[in-house]
Amino acid sequence: MTPDAIDPEAVAPSVANLETIVSLSKRRGFVFPSSEIYGGINAVWDYGPLGVELKNNVKRAWWRTMIQDRNDIVGLDAGILMHPQVWVTSGHVGSFSDPLVECAECRRRFRLDELPGTEHLSQTDLRDETVTSRLGLVCPFDAKPLSAPRRFNLMFTSHMGPVEDDGNVVYFRPETAQGSYVNFKNVQQSSRKKVPFGIAQIGKSFRNEISPGNFVFRMREFEQMEMQYFVRPEEGAAEAFEYWLPRRKAWYEAYGVTPSRLRFREHAPDELAHYAKKAIDVEYRFPFGWKELEGIHNRGDFDLGNHAKASGANLEYFDQASGEHFIPWIVETAAGADRAAFTFLIDSYREEIVRDETRVVLGLHPDLAPYKVAVLPLLKKRPEIVEMCHKLLADLKRDMMAVYDDTAAIGKLYRRQDEIGTPWCVTVDVDSLEDGAVTVRDRDTMTQERVPLEGVKRLIMDRMAAVRP
Ligand code: ATP
């Protein structure tokens, strides 16, 4: 369970250099820097044609596992802007902050706990005003002294309505969870759920991160996939925590992440967020080290208890079986859609030597792959072949993302699809005109099989169903 149990260097990342993924993403249309023609805006990224498919598929896979496959969890889509009191009550106005230090010379600002030499500092150290001078920490750019740390609140603010004054400040939500808490009664009563039950949400969150970076790992605008599980106090929460922890790690494995590149890391008592009684992260071995992929948190009755007090609403649950009234405790599974998509992208990347040439493959799980199938003509000059391709394509597109490409020779077309993770290619050739059969080629094994045209869609759908977790 402890991070020290695994030597970080003993498990190699899937790619040595993050640049490999950044350049593939740009070249093939997964991810672009936002507002690039104006020089970009730090820590915001845009998903291109393939990236939006991948991320949608990740969200769909999560929704399937967390809601569709279960009877005890329902979905919600709450607003990004909420009553400002929500963020006061939740503790975010008071304590959702990171330690910020500034260079006395160049004025650059850094998140203290991300500077070299701070790896083993406790949260108490990170709040200690003497820490930078005591440890002799200096600016990584010009080696000049750094200021004492101060707390920097990560919430973006704006003003609601036409007048800008302190009375109408609104916050861009930094987590989706609060939408589920303030709707607890609405959801519980309308869906007639009995504790234990969950509310799940996918949506944008915003954090004015001090030092964003590592591509889409840490952004200022990002998407979360969070589930709040409402349980009986204390033992109910301990039980739910033990239930969800292995399942959330197993979810990444089921969709193809290499198990040895995943681990758990428990938060030290002084590292716990203001709301948490216990927190364990699922971490992934990124090219830049072991980092959080998802957090499982026991939030106790902090949220519903405080919202009940501050709003005056009765947020107690009545348990008919025992006749008890209680404020449910909450166990949360908090994942990031961008961070998960990024992980699947990195972990599926491989380079192989095939006939003296390097073949780049994204071995994405078929449910996550942007295109499930590519339809390719062997000879694009034969109109009958092209016509057959388009008929097949139209039929496939009724049920899945499919694409046609005739802009290169077949070998090159296969490599292009391998590089974006398309699990199957279907090739129409001269013989197809005679025998009504086509060649289906598998991305991973590169084996080819001859299949009657009318059986192609069934074959692909059956193969997808067979590997679906
Ligand atoms: P960190 O310690 O990395 O700042 P956190 O502990 O504050 O993260 P949570 O509040 O637990 O993160 O958020 C839940 C999940 O949301 C994270 O595990 C991550 O997947 C995602 N997430 C959080 N912040 C960001 C961000 N700035 N960019 C992208 N994803 C994020």
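The chain is numbered in sequence order, starting from 1. First listed ligand is number 1; within each ligand, the first listed atom is number 1.
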Heavy atoms from other residues, nucleotides or ligands near CG of N71 exceed 12 (cutoff 6.0 Å):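 At most 12 heavy atoms, drawn from other residues, nucleotides or ligands, come within 6.0 Å of this atom.
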Identity and separation of the nearest protein heavy atom to [atom]:
atom: atom 17 (C) of ligand 1; answer: E292 OE2, 3.4 Å
atom: atom 15 (C) of ligand 1; answer: A334 O, 3.6 Å
atom: atom 21 (C) of ligand 1; answer: G336 CA, 3.8 Å
atom: atom 3 (O) of ligand 1; answer: R218 NH2, 3.0 Å

Polar atom proximity, F222 to ligand 1 (N or O, under 3.5 Å): no
Given 3.5 Å as the limit, does a donor-acceptor pair link the side chain of [X] with the main chain of [Y], or not?
X: W329; Y: N298; value: no
X: D347; Y: T343; value: no
X: D125; Y: S122; value: yes

Just checking, [X] and [Y]: is the charged tip under 6.0 Å from the six-membered ring centre and within 45° of the axis?
X: R339; Y: F217; result: yes
X: R265; Y: W290; result: no
X: R247; Y: Y243; result: yes

For ligand 1, which atoms, with element, lie under 4.0 Å from some heavy atom of [X]?
X: E209; answer: 24 (N), 26 (C), 27 (N)
X: F217; answer: 28 (N), 29 (C), 30 (N)
X: H297; answer: 11 (O)

Ligand 1 contacted by M219 (non-hydrogen, < 4.0 Å):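 Yes, that is the case, since the closest heavy atom of the residue is under 4.0 Å from the ligand.
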Ligand 1 versus D338: contacting region, heavy-atom distance under 4.0 Å: neither
Option whose closest heavy atom lies nearest to atom 16 (O) of ligand 1, chosen from R339, K291, Q224: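 Minimum heavy-atom distance to atom 16 (O) of ligand 1 goes to Q224.
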Of the listed options E294, R207, E175, closest to atom 9 (P) of ligand 1 (non-hydrogen atoms): R207
Geometric class of the F286/Y284 ring pair [parallel <30°, tilted 30-60°, perpendicular >60°]: perpendicular
